[in-house]
Amino acid sequence: MSFSTTTLVTFLSSTPFMKQTSEEISTLPQWLRFIFLSPCSQRVLLSAFNVLLLLTLFVISIIKLCSKFTSKSNVSTTNELNHIRNNEKSFVRTSIWFKLTVTATVVLTILYIVACVIVFTSSSSTKFAWNQIDGLFWLVQVITQAVIAVLIIHEKKIEAFTHPLSLRIYWIAYFIIICLFTASGIMRFVSVDLGVGEIKDLFIFKVDDIVSFISLPVSLFLLFVAVKGTTGIIVMSSEVTQPLISEEIKLYGDNVSTSEVTAFASASVLSKAFWIWINPLLSKGYKSPLKIEEIPTLSPEHRAERMSLLFESKWLESNEGSAHPVRITLLRCFWKDLVITAILAMIRLCVMFVGPVLIQSFVDVTSGKGSSIYEGYYLVLILLISKFIEVLTTHHFNFSSQKLGMLIRCTLLTSLYKKGLRLSCSGRQDHGVGTIVNYMAVDTQQLSDMMLQLHAVWMMPLQVGIGLILLYNCLGASAVTALVALIGVLIFVVIGTKRNNTFQFIVMKNRDSRMKAMNEMLNYMRVIKFQAWEEHFNENILRYRDAEFESLSKFMYSICGNIVMMWSTPIVISTLTFGTAILLGVKLDAATVFTTTTVFKILQEPIRAFPQSMISLSQAMVSLERLDRYMLTKELLNDSVEREEGYFQQIAVEVKDGTFSWDDDSLQRDLKHINLAIKKGELAAIVGTVGSGKSSLLASILGEMRKISGKVRVFGSTAYVAQTSWIQNGTIEENILFGLPMDRQKYNEVVRVCCLEKDLEMMEYGDQTEIGERGINLSGGQKQRIQLARAVYQDCDIYLLDDVFSAVDAHTGSEIFKECVRGALKGKTVVLVTHQVDFLHNVDHILVMRDGMIVQSGKYDDILESGVDFKALVSAHDTSMELVEQSAVVPGENSTKPTKSLVAASNDNGTNGESNSIEQPKSAKGSSKLIKEEERETGKVSLQMYKLYCTEAFGWWGITGILVVSVLWQIITMASDYWLAYETSEERAQVFDPIMFISVYAIIAVISVIFVVLRSYSFTILGLKTAQIFFTQILSSILHAPMSFFDTTPSGRILSRASTDQTNVDILLPLFMGLVISMYITVLSILFVTCQNSWPTVFLLIPLVWLNLWYRGYFLSSSRELTRLDSITKAPVIHHFSESISGVMTIRAFRKQNNFCEENLKRVNANLRMDFHNNSANEWLGFRLELLGSLVFCISTLFMFVLPSSIIKPENVGLSLSYGLSLNAVLFWSVFMSCFIENKMVSVERIKQFTKIPSEPSWNIKDRLPPPNWPAQGNVDIKDLQVRYRPNTPLVLKGISLSITGGEKIGVVGRTGSGKSTLIQVLFRLVEPSGGKIIIDGIDITVLGLHDLRSRFGIIPQEPILFEGTVRSNIDPIGQYTDDEIWKSLERCQLKEAVASKPEKLDSLVVDNGENWSVGQRQLLCLGRVMLKRSRLLFMDEATASVDSQTDGVIQKIIREDFAACTIISIAHRIPTVMDCDRVLVVDAGIAKEFEKPSILIQRPSLFGALVQEYANRSTGL
């Protein structure tokens, strides 16, 4: 049949649309219908607009060209294209709006090219003329759209702000005409009922229809563009952008220059709706691994600064007394966000049940009971729309919940930090640094994670309610059985959740204990290695881990019980419900049965999520209680000290009738009846024996103690130098500046007066040298002087110095006293706690303390006679000085001259990288970093990691068994559904045997449950065993690591592996790995069932699988890096937090809380931006994958109507739909969970990284055991000893040779940082010698096992370190001595009284770092340890640096008596300590300069003589 225009007119104007007669409908005149609805006139109409637009643009271009040639500007016409042209130097940006417009025109161009090709190639002789005309029409479309695309791109070049008016009018007209095309296409589709031959002739209209259906949404978008008018091109002049950038820098800090603000901040509604804004970041991540600086910063409304202020503004007033302030404040802050997520959840709930409701209609349509031949198409359309809404709301719900979780975590991190800076001392001890770090790392994360599951708690009853209504419609009264069964499941789940909660609490408690023990071990690793206690600490930590693992196993098995119940619910409840239905005589057909099973599958999700959300909720409640307790802990009272600016005051510090306590609640009074007044500009000294309350007095002036009564007034700003030095991880310069700007002249002067010049010269990078954690790579003296320099640089009014001279040698001490205390700080008020009696002649005011009271006060001479305490101290000192003075007064005039020149020499030789001075390979570029950047793998997590994880516990058999069980479970589940389909088919209706039907179904259900149990528990057992193996490996690896590893690795980095990463391996991987395997097998089963019943779907599978894999790969490349960066940026937050808590007294003394809070905000923001973009990327992927799955499902459903009914059986339609409805969700979750697993596998990667730390030499070598009594004599021979810390670094000890006879007492002296402590480290092989030999009693120490060596030596280290526990566990950690022996050693080291006076005696508490004992008492306890050990070789590293002369004299006497037969090598700064040694070793710049009897060295010009002279003269010469 040939098609002419007449035929078309007749066809379209007189053929009624809905098979009615023409009289019944002619509401529209024939000609109107012809103009708007016939293909010909529509083509003419659209072509006319196209040609008109092309002509307009052509004319404008010609005019523009002419104006260029004639150099006349025709403003009126050029304005059409070039609206606002910026002539200044400008910066052009395009928004997503511009990009979408270009994309839309390009899509239309491609579409019309395809249509054009189809029309020209389908030419047949009968319709040749029509095809030629039609082809020309499509060609005009192609040209028009291509020109528009070029024009829009050109707009960017000319910086146009709005589109030309002609183009906007065209787009409006274009939309209207495309609507007409679509309308006539729908009418044709609905009303034409022609034979097969005629349909072939109408092929041409099919091209029209397809093009118009695709063009409609694009033209709708272009209509918006036309109405809005703007191009989306943003032009900024350089003058405008500059201030904007500087404003941003002010707001966001320096990181703005390296990473811009997230695109989310300025994204349009459309962009936010479909996560288009994150495309550029994902694209960047796909091309190359993302770097930290490439991740944009958070939008202003999400930043930590704003969240912190919001939390503070909503915090409860004191009169609103509540036991749960944290949760109430969080609700006040975020109730709006909670409401938005709840609304999204409700919308999702409504559209979720559309699928099951439609199953009946679908089955009716395929069995020929439909009301219209188009009903199937309407149903598919409804299904598609409901699925689209479901997918969109699901992912917006997830995104909003995760964003809310992130904001809550952000708020808490900053608030917990601020609280940490306000805690009182006993408050800090109540929680402990490890636990506080856990609040930050674990509890905030749990609250954050809970937000995703919060709404499941109240939505579950609603979902179950709707499900039961649907069941009642299908099965009538049988739904009651389902209700009862569901209630039973819920009761089981709630009981299970309660049980889980209990186990979870125990797990967290045990994890806290283990983390505390690990934290302590890492902090004091040096002492542990000196004492060879690694095995004891290993057992200790493993004991904590075993307790944790036991509770963890119970927790995991309990969760498994719930999982088994959830996976079994659908099939078990279906069996019970169908059984009831058969008893009640309800007819079971395919529609009823599959609607029921689909409803159960949908209900499975809320019931499965409900216990998980209950667990999360209860965990969150536990976390909230912990946070409440922490946030309600007592803070330091600001009013305990009255601070005033004291310009006109004579007094600087005044305390009247002061009584103070360290404890917030107890009645114990640590300082009593304190009265003191220190005048402005005075130098006051506080002296007293160990434990008399000297440091406490300084703390009371700073306001760090609880004031019970009295009055404290401080006039002016305070600086504080703590007795135990607190140094930050950063450069030396940063430590000294402490947040102040650099003033080079002042800085250099401070370095000079604190005697740091020589130290900095010796360091390869000077003051740019990075200090390790807690100043680990500096000697005690260097740390102390950097602390002092920090205080001096701050230029405060009042200086409180706590025993600053204990860690430095005599010469440096005198120098500091002269140049710094009496020089740079002249005119300032200085309160100095000291044991150096020689300085006391030169102070204005002395306070003598005993038992927490000031017993004497006044000038030196006045108080010397007035009481016994000061006299006792002075006479003890005088006794020790007698020997020095006798030696120092050498007859003859000339002798003093060389001595003086030698003093200068000892100065000039300076220091060398001592004990742990910086050891860095010299490189061409040079780098001051001691702490290495954290290593991170990039790219895919290797398959090797998966293999390791899956086969570590049971080899290949374990994982193969689990896979087989999972596949069998899926086959059994499918068998149950096929049995339903078979039994409910129309053919079986006649011979339906209810008993057989339900019996077979029940048997299948029982087998299914058995396999679920096997599957769940087997993977949990595998996961738990693997986790335990990994933990043992990492602990062993850390304990075997050499000391250099701990010097260069912050403990936060190790702890994050032991906490966060270990938790992932303990809990998340075992739970989700099994889930992912089941998910993927379920996806395969859904695709199998769908393709079996709708075979054309097979052709969609290849693109579906390909797209899924492509999306997974595209997403993973960014997501993986974001997860790694998240881990890497989390460690600095935790590290800064624990560092600040440790140094809180110093921070508060300097009033630097704000600076530290800002640093915390910076680090939190850096971490959260990873979190935010990671969550966004997850939803970007989810939305696209679920949409794909829904699309494929809807198309396969469409095929069921298109295919002949002989192929498709109604019961199979029900089966396919019951499976297919979950395709989008299961497909997304399986891909997402596999990505989640890959991200969590990073934890396996990170743990494995630390199981391969290069180990130090063996602890025990069986065939090289030293004799049991070795060393019997204690002879030490050192031959040409050379030491460097790492290959390529300078030598620290440069060829020392000396021989020590057994029983000799050797004193080692030298300036701070000269290499004295390094010598001891080498003898213990903490550092291995680079050359030379050390032979002790005939055995070369390098051939022995480390423990065999270290356990035979005694050492009292420079820093007295106590572990948390009791006095007994500290003095005898391994438990090898009796109580009598312990009491004897305590008596010998002067601590018996102090310990016996406490009610618990040997079980008296020692808190973290021994902070409830004075530094002197800690040193005495360390001495007690050595006395118990009774080694023949004793090393003392500044052993009495922190005690007064009196106690020092006593200790020296004890050592001389108790260790008379031992060889003692003692490093000392106090000259009297070494005066009675047999020989003195003077180390200078790593060289043994002198080694002789002290009496001989003094007789001749020597370095030692110079030091003695200096020490003897310093009292008078200051």
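- Because its NZ or CZ atom is both nearer than 6.0 Å to the ring centre of Tyr793 and within 45° of the ring axis, Lys746 counts as a cation-pi partner of that residue.
- Minimum interatomic distance between Val714 and Thr718 (heavy atoms only, all atoms of both residues): CG1-CG2, 3.9 Å.
- When all heavy atoms of Ile798 and Gly716 are compared, the closest pair comes out as CD1-O, 4.3 Å.
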Item to complete: List the steps, then state whether salt bridge (Lys or Arg N to Asp or Glu O under 4.0 Å) holds for Asp851 with Lys672.
Response: CA-CA 9 Å; Asp851 300 332; Lys672 305 175 278 285; over 6 Å; no
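- Put simply, the side chain of Lys707 does not reach to within 4.5 Å of the side chain of Leu637, judged on heavy atoms.
- With sequence neighbours excluded, the residues forming a ring-ring contact (aromatic ring centres under 6.0 Å, His included) with Tyr860 are His841, Phe870, listed by chain and number.
- Legend: ring-ring contact (aromatic ring centres under 6.0 Å, His included) pairs involving residues 654-680, not counting sequence neighbours: none detected.
- Asp862 is linked by a salt bridge (Lys or Arg N to Asp or Glu O under 4.0 Å) to nothing, counting only residues two or more places apart in sequence or in another chain.
- Counting heavy atoms from C-beta outward, Ile863 and Lys859 have side chains that stay 4.5 Å or more apart.
- Under the 4.5 Å side-chain criterion, counting only non-hydrogen atoms from C-beta, Gln836 is not in contact with Phe817.
- Here the shortest heavy-atom pairing between Gln787 and Ala722 reads NE2-O, 3.0 Å.
- Under a 3.5 Å cut-off, the side chain of Lys694 and the backbone N or O of Thr689 do form a donor-acceptor pair.
- Remark: Asp657 engages Asn675 in a side-chain contact (heavy atoms from CB on, under 4.5 Å) (not counting sequence neighbours).
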Worksheet entry | Full working for salt bridge (Lys or Arg N to Asp or Glu O under 4.0 Å) between Arg822 and Asp844 | CA-CA 11 Å; Arg822 274 308 201 189; Asp844 306 317; 3.6 Å; yes
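- Counting heavy atoms from C-beta outward, Val848 and Ile846 have side chains that approach closer than 4.5 Å.
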Worksheet item: Does the side chain to side chain donor-acceptor pair (under 3.5 Å) test come out yes or no for Gln794 and Lys1152, once each step is laid out?
Response: CA-CA 11 Å; Gln794 298 301 304; Lys1152 291 282 180 188; 3.1 Å; yes
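- Not a single donor-acceptor pair under 3.5 Å links the side chain of Ser717 to the backbone N or O of Cys796.
- Contact record, Ile732 with Gly766: CD1-O, 4.1 Å, taken as the closest heavy-atom pair.
- For the pair His845/Ser857, a side-chain contact is recorded, criterion being any heavy-atom separation below 4.5 Å from C-beta on.
- When each of Glu819, Glu815, Glu757 is paired with Arg752, the salt bridge (charged side-chain N to carboxylate O under 4.0 Å, His left out) condition holds for Glu819 and for no other.
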Fill in: Pair Glu654-Lys656, salt bridge (Lys or Arg N to Asp or Glu O under 4.0 Å): steps then yes or no
CA-CA 7 Å; Glu654 184 180 38; Lys656 283 185 183 168; 3.8 Å; yes
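- With rounding to the nearest 0.5 Å, the separation of CG in Leu702 from OG1 in Thr1146 is 9.0 Å.
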Fill in: side chain to side chain contact (heavy atoms under 4.5 Å, CB included) between Val721 and Leu800, intermediate numbers included
CA-CA 6 Å; Val721 178; Leu800 306 177; over 6 Å; no
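- The backbone N or O of Phe715 sits nowhere less than 3.5 Å from a side-chain atom of Arg643 that would complete a donor-acceptor pair.
- More than 12 heavy atoms of other residues, nucleotides or ligands lie within 6.0 Å of NZ in Lys418, so this atom counts as buried by the packing criterion.
- Taking CD1 of Ile686 as the start and CD1 of Ile854 as the end, the distance is 7.0 Å to the nearest 0.5 Å.
- Shown here for Asn729 and Glu1139, the closest heavy-atom pair between the two residues is N-OE2, 2.8 Å.
- Between Tyr720 and Tyr799, the ring center distance fails the sub-6.0 Å criterion.
- In this structure, Gln723 CD and Asp803 CG are separated by 5.0 Å, a value rounded to the nearest 0.5 Å.
- Atoms CZ and CD1, on Arg790 and Ile736 in that order, are 9.5 Å from each other to the nearest 0.5 Å.
- Here the CD-CD distance, from Gln728 to Glu734, works out to 8.5 Å after rounding to the nearest 0.5 Å.
- Panel note: side chain Arg706, backbone Asp663; a donor-acceptor pair is recorded below 3.5 Å.
- Legend: residues meeting side-chain hydrogen bond (donor to acceptor under 3.5 Å, both in side chains) with Asp670, ordered by chain and number and at least two apart, are Gln668.
- Taking a 6.0 Å sphere around CZ of Arg669, one finds it holds 12 or fewer heavy atoms contributed by other residues, nucleotides or ligands.
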Worksheet item: Which is it for Val804 and Val833 under the side chain to side chain contact (heavy atoms under 4.5 Å, CB included) test, yes or no, and what are the steps along the way?
Response: CA-CA 8 Å; Val804 286; Val833 168; over 6 Å; no
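- Two residues are said to be in side-chain contact when any heavy atoms from C-beta on lie closer than 4.5 Å; Val821 and Leu683 meet this criterion.
- The two atoms that bring Val792 and Cys820 nearest to each other are CG2-SG, 3.7 Å, heavy atoms only.
- Taking CG from Asp759 and SG from Cys754, the interatomic distance works out to 11.0 Å, rounded to the nearest 0.5 Å.
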Discussion item. Using the rule given for side chain to side chain contact (heavy atoms under 4.5 Å, CB included), can you reason through Leu697 versus Leu676, listing the C-alpha separation, both sets of side-chain angles and the distance that settles it, and then say yes or no?
Written reply: CA-CA 10 Å; Leu697 184 57; Leu676 66 90; 3.9 Å; yes
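- Considering only heavy atoms from C-beta on, Leu671 comes within 4.5 Å of Met705 through its side chain.
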Item to complete: Begin from the C-alpha positions of Leu636 and Arg1148 and carry the test side chain to side chain contact (heavy atoms under 4.5 Å, CB included) through to its verdict.
Response: CA-CA 10 Å; Leu636 269 192; Arg1148 290 199 286 233; 3.3 Å; yes
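- Applying the ring-ring contact (aromatic ring centres under 6.0 Å, His included) test to His1136 and every residue at least two apart in sequence or in another chain returns Tyr417, Phe1156.
- Between Thr812 and Arg785 there is a side-chain heavy-atom pair separated by less than 4.5 Å.
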